[in-house]
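In what follows, a structure is listed as structure tokens, so that the remarks can point back to it.
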Amino acid sequence: MKKMQGVIKLFFFMCALLACVAVFAQDNTAGLYATGRMRTAEEGLAAEEFRRGVQAYYRGAFNEAVMLFERSLSYKSDDNFILDWLGKAYYRSGMEGEALAAWRRAYDNGYGDILMQNRIEVVSERRVTGSSYENELRYTEAGSFPGINGSTLIFGEPVSVLPEDDGSAWIVAYGTNELVKINVNGTVVRRAEGPLNGFDRPLDIIKLRDGNLLVSESAGDRLALLNSNGGFIKYIGSKGRGVGQCIGPQYLAEDSNGNIYVTDYGNSRVDVFDKDGNGLFYFGRADGSFAGLQGPTGVAVVDYRVYVADSVTGAIYEFDTAGNFVRNLVQEKTFYRPESMKVWAGYLVICDSNKVISVDTTTGATYESARTGNAPSRLTSAVPDVNGNVLVTDMRSNEVYVMAKMQELVGGLFVQIERVNADRFPNVTIELRVENRHRQSVVGLREENFYITENKRPVLQQRLIGAASNNTVQDVTLVIDR
């Protein structure tokens, strides 16, 4: 089935749309009791307290808002609209139990439909702890970024991906010999083609501890060091069989000391460089009971252990950082064609044909995290991004898949309107927060991800002023109480 690039964009769009429409509809306190009849004294007092409660809420005075909404509810105890806002004020005050009680009462009275139901489910789920990590490992496809759009080639044969902290990601395009940077919506924001002679079959990319990028060039038999914007700095390594040399370098990893590990497929070993790019040593040859690496591909470092996948034997081997063989973490013939291997939450995430598999570094137990189905696939890299999704490159189908947890797809995102400032009306500023079901902020959203309406009409001249995720400085206040 042909996948659409706009799936995840539409996902963000719909969640934001529902929340924004709800808020703008609710903020019309003048029409709170517009039923075509004259209001009673109690209804008038309830409307006045409600109006003051909304003002306090948007000033950030949530405790005051709770008091005013409760007072409003005392005049009109059966009003679901007041209950909804009382729940919001409770929630922002940190009283989640009271917020859920107010929302459930309104929902049981027939108010809120699926949006209210989703809010209750999300907040309830956040209050439950102790879920098993095995269940957290299961992902399904939420969208994709295709390499071809109509007759336009965007990138060719994606083989690796590097997510950034701002929601963007670098894609290593093996077929077109370039790096392509896309934002969270899949729009290309930058291209890097290396030095004047270009890349020679780039295969993997990692971000080093100093912020620079490192790219392996499998046909160039070298590594390319780039700055954070993709600008070329220098080459590391050369073709050969000695220390500091390689033939067909594959995947990359870095340890806590800044040493770089490269799987050298042509020499059937792992090459090690220091943080300045000088060759240190190599390992992976036959030694005692260890028969030696035959086709090393993925490599990862966890604490002081180096893990290497072998595409010929189908195993994962464990070494120390000096290159001494420790054990077979995963036995031979477990994998069919393992590729890139990355670290996530103490687990190894490895691609094998059409599957993404997580491996426990303590026991060697494997869990299938995602599968692309029966269509021809060659998954080469699976990396978690800042929003809790997993970006997976499929070299054969020329796509980058966005994998998400099933509960995230079913439940949607959690959108909270923090503040509405109309001091400069008709210019209105909205401050909002978009989170997943685990309170993790969704970063990288852009203006096209939001659609605001008022009375079912689109707001004119909508503009995204900024995002908190772009801040480089934060103020921290510590309050000490005996």
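Here CG of Leu225 is found 11.5 Å from OH of Tyr235. Values are rounded to the nearest 0.5 Å. With rounding to the nearest 0.5 angstrom, the SG atom of Cys351 is 9.5 Å from the CG atom of Asp394. One distance of note links CG of Asp385 with CG of Asn387; it measures 5.0 Å at 0.5 Å rounding. Interatomic distance, CZ of Arg378 versus CZ of Arg396, reported as 8.0 Å (0.5 Å rounding). Rounding to the nearest 0.5 angstrom, the gap separating the CD atom in Glu178 from the CZ atom in Phe199 is 9.5 Å.
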Open item on the list: For a side chain to side chain contact (heavy atoms under 4.5 Å, CB included) check, start with the C-alpha distance between Leu213 and Leu162, then their side-chain angles and the critical distance, and finish with the verdict.
Closed with: CA-CA 10 Å; Leu213 307 178; Leu162 173 66; 3.7 Å; yes
TODO: Could you walk me through whether Ile171 and Val400 pass side chain to side chain contact (heavy atoms under 4.5 Å, CB included), step by step?
DONE: CA-CA 8 Å; Ile171 298 173; Val400 177; 3.7 Å; yes
TODO: Determine, stepwise, if the pair Leu203 / Val172 fulfils side chain to side chain contact (heavy atoms under 4.5 Å, CB included).
DONE: CA-CA 6 Å; Leu203 199 139; Val172 179; 5.7 Å; no
Open item on the list: Assess the residue pair Val359 and Ile316 against the criterion (side chain to side chain contact (heavy atoms under 4.5 Å, CB included)); give the C-alpha distance rounded to whole Å, side-chain angles, the decisive distance to 0.1 Å, and a yes or no.
Closed with: CA-CA 10 Å; Val359 180; Ile316 297 179; 4.1 Å; yes
Task: Tyr317/Phe290 under ring-ring contact (aromatic ring centres under 6.0 Å, His included): CA gap, chis, key distance, verdict - done: CA-CA 10 Å; Tyr317 302 108; Phe290 178 54; 5.2 Å; yes
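In this structure, Glu254 contributes its side chain and Arg209 its backbone to a donor-acceptor pair below 3.5 Å. The backbone N or O of Thr187 sits nowhere less than 3.5 Å from a side-chain atom of Asn185 that would complete a donor-acceptor pair. Remark: the backbone N or O of Val459 is not paired with any side-chain donor or acceptor of Gln462 at under 3.5 angstrom. For the pair Asn471 (side chain) and Val473 (backbone), a donor-acceptor distance under 3.5 Å is absent. With Asn398 contributing its side chain and Glu157 its backbone, the two residues share a donor-acceptor pair below 3.5 Å. Side chain of Asp274 to backbone of Asp276: a donor-acceptor contact under 3.5 angstrom is found. No donor-acceptor distance shorter than 3.5 angstrom exists from the side chain of Ser268 to the backbone of Gly295, with no hydrogens or angles considered. Checking side-chain atoms of Arg446 against main-chain N and O of Asn183 turns up no donor-acceptor pair under 3.5 Å. At distances below 3.5 Å, at least one donor-acceptor pair connects side-chain atoms of Asp310 with backbone N or O atoms of Val312. Side chain of Glu447 to main chain of Leu464: a donor-acceptor pair is present (N/O by atom type, distance under 3.5 Å, no hydrogens or angles).
In Phe281, the CZ atom is crowded: over 12 heavy atoms of neighbouring residues, nucleotides or ligands sit closer than 6.0 Å.
Looking only at side-chain heavy atoms (C-beta outward), Leu214 and Leu226 stay at 4.5 Å or farther from each other. Under the 4.5 Å side-chain criterion, counting only non-hydrogen atoms from C-beta, Val306 is in contact with Val299. For the pair Leu379 and Asp352, the minimum side-chain heavy-atom distance is 4.5 Å or more. For the pair Asn389/Tyr139, no side-chain contact is recorded, criterion being any heavy-atom separation below 4.5 Å from C-beta on. Side-chain atoms of Pro249 and Asp264, non-hydrogen and from C-beta on, never get closer than 4.5 Å to each other. Using a 4.5 Å heavy-atom cutoff, the side chains of Val189 and Ile182 are not in contact. Residues Leu196 and Phe232 are not in side-chain contact: their nearest non-hydrogen atoms beyond the backbone lie 4.5 Å or more apart. Looking at Val272 and Phe283, their side chains come closer than 4.5 Å, going by heavy atoms from C-beta outward.
For the residue pair Thr380/Thr393, the side-chain donor-acceptor check at 3.5 Å is satisfied. Judged purely by distance below 3.5 Å, without hydrogens or angles, the side chains of Asp166 and Ser168 pair a donor atom with an acceptor atom. Residues Asn177 and Asp200 bring no donor and acceptor atom of their side chains to less than 3.5 Å of each other. Side-chain N/O atoms of Asp204 and Ser216 include no donor and acceptor closer than 3.5 Å. For the residue pair Tyr58 and Asn421, no side-chain donor N or O sits within less than 3.5 Å of a side-chain acceptor on the partner. Using modelled atom types and a 3.5 Å distance limit, the side chains of Tyr251 and Glu339 yield a donor-acceptor pair. Gln250 and Thr297 share no side-chain donor-acceptor pair at under 3.5 Å.
Between Tyr367 and Tyr347, the ring planes are tilted. Angles from 30° to 60° get that label.
Judged by the 6.0 Å and 45° rule, Arg201 forms a cation-pi pair with Tyr174.
Note on Arg433 versus Glu435: salt bridge recorded, some NZ/NE/NH1/NH2 to OD/OE distance being below 4.0 Å.
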